[in-house]
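Beneath this line is the structure, given in structure tokens, with notes to follow.
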Amino acid sequence: AYETGGPWLEELMRYIRGNFLFLQEFFYREFPSVSIASPQGTYFAWIDMRSLGLSPEEVQFRLLHKGHVALLDGRDFGAPGEGFQRMNLACPRSLLSKGLQGIRQALGKQR
């Protein structure tokens with residue numbers, strides 16, 4: 001991997017970046033008040049859902065029980081994470097799309 005893994009790693013990074021852009025476009029279109037922090041050296045996106053006017057508990061409940069989507073609750077990372085959800089972008093785009101449809105179902109369209 002150290003000697004010949006460079007092209008694979010470059011392709012992986014391009015794919016994850018494409019997933020981030022796909023995620024960003026989804027939220028821009030469906031939930032424009034939600035902001036997303038660009039990943040910094042990882043494959044997790046931080047999604048700021050505070051603008052939806054829902055408590056973190058309500059967001060978690062809706063994601064799990066209405067959308068059948070399990071994201072990482074930002075509160076697990078301390079007080080600064082409250083109101084955020086953390087989403088893994090290192091997955092096939094089809095799985096990401098399915099998760100985003102679950103988010104739409106869980107949180108409703110906010111336009």
Side-chain angles (χ1 to χ4, degrees):
Y2 288 117
E3 294 177 17
T4 62
W8 172 85
L9 180 59
E10 288 174 22
E11 181 60 31
L12 175 65
M13 297 304 291
R14 270 193 299 278
Y15 193 85
I16 292 171
R17 177 73 179 153
N19 276 354
F20 174 74
L21 295 173
F22 186 77
L23 172 84
Q24 200 172 37
E25 173 60 30
F26 169 83
F27 277 98
Y28 178 76
R29 183 179 67 249
E30 304 294 334
F31 302 94
S33 67
V34 170
S35 63
I36 301 166
S38 200
Q40 301 287 317
T42 183
Y43 47 85
F44 286 96
W46 284 90
I47 305 168
D48 183 351
M49 295 193 175
R50 295 174 293 179
S51 66
L52 296 178
L54 302 170
S55 70
E57 294 82 11
E58 181 67 16
V59 169
Q60 279 292 300
F61 180 85
R62 288 183 183 199
L63 288 172
L64 286 171
H65 299 287
K66 291 184 177 182
H68 309 287
V69 177
L71 300 181
L72 298 170
D73 189 334
R75 295 175 296 175
D76 293 343
F77 300 89
E82 186 163 343
F84 289 80
Q85 295 292 316
R86 199 166 180 230
M87 187 172 200
N88 186 336
L89 299 172
C91 62
R93 182 104 13 102
S94 60
L95 186 60
L96 176 59
S97 181
K98 184 176 179 181
L100 295 175
Q101 298 316 308
I103 290 172
R104 178 191 291 134
Q105 182 177 333
L107 301 177
K109 236 175 173 177
Q110 300 290 313
R111 279 196 223 179

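In this structure, Glu58 and Met49 have side chains that are not in contact, with every pair of non-hydrogen atoms separated by 4.5 Å or more. For the pair Arg50/Ser35, no side-chain contact is recorded, criterion being any heavy-atom separation below 4.5 Å from C-beta on. Counting only heavy atoms from C-beta outward, the side chains of Ile103 and Leu71 approach each other to under 4.5 Å.
Cluster membership for Tyr43 and Leu12, using ILVMFWY side-chain heavy atoms within less than 4.5 angstrom, is shared. Hydrophobic cluster membership differs between Leu63 and Leu95, with clusters built from Ile, Leu, Val, Met, Phe, Trp and Tyr side chains linked at under 4.5 angstrom. At a threshold of 4.5 Å between side-chain heavy atoms, the hydrophobic network of Ile, Leu, Val, Met, Phe, Trp and Tyr places Met13 and Leu96 in one connected group.
Considering every non-hydrogen atom in both Ala106 and Lys66, the closest pair reads CA-CB, 3.9 Å. Considering all non-hydrogen atoms of both residues, Leu100 and Phe26 come closest at O-CZ, 3.2 Å.
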Would you please test Val34 and Leu107 for side chain to side chain contact (heavy atoms under 4.5 Å, CB included) and show each step?
-> CA-CA 12 Å; Val34 170; Leu107 301 177; over 6 Å; no

Return all side-chain donor-acceptor pairs below 3.5 angstrom for residues 77-91, not counting sequence neighbours, or 'none' if the list is empty.
{"from": "Gln85", "atom 1": "OE1", "to": "Gln60", "atom 2": "NE2", "distance (Å)": "2.5"}
{"from": "Asn88", "atom 1": "OD1", "to": "Ala90", "atom 2": "N", "distance (Å)": "2.7"}

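In this structure, Ile47 CD1 and Leu23 CG are separated by 5.0 Å, a value rounded to the nearest 0.5 Å. From Ser33, atom OG reaches atom OH of Tyr28 across 12.5 Å, with rounding to the nearest 0.5 Å. To the nearest 0.5 Å, atoms CZ (Phe22) and OG (Ser97) are separated by 4.0 Å. Going from atom CD of Glu25 over to atom CD of Glu30 covers 9.0 Å, rounded to the nearest 0.5 Å. Within the model, atoms CG of Leu21 and CD1 of Ile36 stand 10.0 Å from one another, a figure rounded to the nearest 0.5 Å. To the nearest 0.5 Å, atoms CG (Asp48) and CZ (Phe27) are separated by 10.5 Å.
With sequence neighbours excluded, no residue satisfies ring pair (Phe, Tyr, Trp, His ring centres under 6.0 Å) with Phe20. Annotation: side chain to side chain donor-acceptor pair (under 3.5 Å) contacts of Gln101 (sequence neighbours excluded): Arg104. In this structure, Tyr15 has no ring pair (Phe, Tyr, Trp, His ring centres under 6.0 Å) partners at least two apart in sequence or on a different chain. For Glu10, the side chain to side chain donor-acceptor pair (under 3.5 Å) test picks out no residue, with sequence neighbours left out. Under the side chain to side chain donor-acceptor pair (under 3.5 Å) criterion, Thr42 pairs with no residue at all, not counting sequence neighbours.
Atom CZ of Phe44 has more than 12 neighbouring heavy atoms from other residues, nucleotides or ligands inside a 6.0 Å radius.
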